[in-house]
Amino acid sequence: MENSEGFQKYEHVRKTEEVMSAESLAYYLEMNKRRSIRNFSLDKFDIEIIKTAIKTANTAPSGANKQPWFYAIVQSSEIKKQIREAAEKEEFENYHGRMSDEWLDDLKKFGTNHIKEFLEIAPYLVVVFKQVYGFENGQKQNNYYVNESVGISVGMFLSAIHKSGLVALTHTPSPMNFLAKVLDRPENERAYLLIPVGYPSVDVQVPMIKRKSIDDVSRVY
Ligand code: IYR
């Protein structure tokens with residue numbers, strides 16, 4: 001499948017600087033409200049909202065426009081249970097020997113442990129896979145800048161989820177190879193992130209974190 005057929009005009013409408021300033025500020029203020037949430041409500045919602053966020057994620061730039069990602073949406077309680085069991089098994093090992101003391105110390109303020117109830121409570125688990133190579137007409141194809149591409153796509157997905165009014169957690173139950181097995185994914189795919197999506201539980205608390213300042217994270221040259 002060829003995903004480019006020549007060139008076409010890029011339609012761009014200039015906004016005034018006033019409008020650009022207002023819109024970039026409004027977007028920042030909205031995104032600054034996003035938090036990783038670990039306690040979900042059982043409340044369900046239309047799967048189309050997730051699918052539309054995946055459509056947004058699928059607009060991400062990628063190396064040679066290979067779009068080397070796959071988004072699995074898990075709504076089956078049975079599969080969520082299998083994922084929780086496998087993830088907790090790995091996390092138990094992580095918290096009881098595999099993670100360094102410095103790492104455990106860094107995580108103290110988040111109050112995490114190996115128990116991952118949210119994997120059964122959140123109505124949807126979105127499992128993102130990266131495609132280390134592709135298939136076209138049954139032929140192996142190279143993909144390029146796969147980690148960068150999938151990272152950008154997931155960032156756009158998280159932004160779309162937040163904008164929809166839902167919450168998520170970017171979860172990495174490492175090692176994550178059990179996910180490809182449970183979801184029967186092809187051998188060119190590797191689990192990249194596991195993202196429970198839903199509403200937050202009532203009165204959910206989040207750790208008090210500070211974001212670095214713009215001067216800490218950028219500099220004009
Ligand atoms: N994957 C573990 C540990 C963990 C690691 C990091 I880095 C975090 O930011 C949070 C947790 C867990 O999910 O508990």
Side-chain angles (χ1 to χ4, degrees), residues 31-42 50 53 57 69-130 132 146-162 166-183 185 189-201 203-213 216-217:
M31 291 313 296
N32 196 31
K33 292 189 214 150
R34 188 207 56 78
R35 292 297 307 267
S36 291
I37 296 296
R38 292 185 166 79
N39 298 89
F40 291 81
S41 150
L42 284 163
I50 301 260
W69 45 70
F70 184 85
Y71 287 78
I73 310 170
V74 179
Q75 60 175 4
S76 147
S77 306
E78 184 44 46
I79 299 175
K80 285 198 276 180
K81 185 164 177 250
Q82 283 177 41
I83 290 176
R84 177 180 177 185
E85 278 168 12
E88 286 186 343
K89 213 165 146 193
E90 294 296 353
E91 294 293 14
F92 184 88
E93 297 302 326
N94 291 337
Y95 281 90
H96 297 88
R98 285 205 294 229
M99 292 193 293
S100 65
D101 288 345
E102 184 183 355
W103 193 347
L104 290 170
D105 203 49
D106 275 337
L107 291 181
K108 266 197 189 131
K109 59 173 171 285
F110 302 103
T112 57
N113 58 35
H114 71 280
I115 297 166
K116 303 298 175 192
E117 214 177 15
F118 56 75
L119 293 174
E120 285 193 272
I121 293 180
Y124 301 102
L125 304 180
V126 175
V127 186
V128 188
F129 291 88
K130 65 177 181 184
V132 289
V146 169
N147 282 315
E148 292 84 346
S149 302
V150 183
I152 297 166
S153 175
V154 170
M156 293 173 69
F157 175 75
L158 293 172
S159 165
I161 287 296
H162 177 73
L166 295 164
V167 300
L169 176 69
T170 34
H171 182 41
T172 50
S174 79
M176 288 196 282
N177 38 10
F178 67 88
L179 290 165
K181 261 189 229 137
V182 171
L183 299 172
R185 297 307 307 160
E189 292 188 4
R190 307 280 179 278
Y192 183 84
L193 277 174
L194 170 47
I195 310 176
V197 180
Y199 294 107
S201 62
D203 295 332
V204 70
Q205 300 232 326
V206 291
M208 307 228 266
I209 53 160
K210 279 203 202 91
R211 303 210 197 272
K212 290 180 182 175
S213 77
D216 288 330
V217 301

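Just follow the structure's listing: the first ligand is 1, and inside any ligand the first atom is 1.
- Scanning Arg98, Glu91, Lys116 for the heavy atom closest to atom 2 (C) of ligand 1 points to Glu91.
- Other residues, nucleotides and ligands contribute only 12 or fewer heavy atoms inside 6.0 Å of the CD atom of Glu117.
- At distances below 3.5 Å, not a single donor-acceptor pair connects side-chain atoms of Arg34 with backbone N or O atoms of Ile161.
- Take Ser153 and apply the side chain to side chain donor-acceptor pair (under 3.5 Å) test, not counting sequence neighbours, and it matches Tyr71.
- Here the heavy atom of the protein found nearest to atom 4 (C) of ligand 1 is Leu107 CD1, 3.6 Å.
- What sits closest to atom 13 (O) of ligand 1 on the protein, heavy atoms only, is His171 CE1, 3.0 Å.
- For atom 3 (C) of ligand 1, the closest heavy atom belonging to the protein is Tyr95 OH, 3.5 Å.
- Taking distance alone, with nitrogen or oxygen atoms compared against 3.5 Å, Thr172 approaches ligand 1 more closely than that limit.
- Of all protein heavy atoms, the one closest to atom 7 (I) of ligand 1 is Trp103 NE1, 3.6 Å.
- Residues His114 and Asn94 form no side-chain contact, since every pair of their non-hydrogen atoms from C-beta on lies 4.5 Å or further apart.
- When atom types are taken as modelled, the side chain of Lys80 and the backbone of Ala122 share a donor-acceptor pair closer than 3.5 angstrom.
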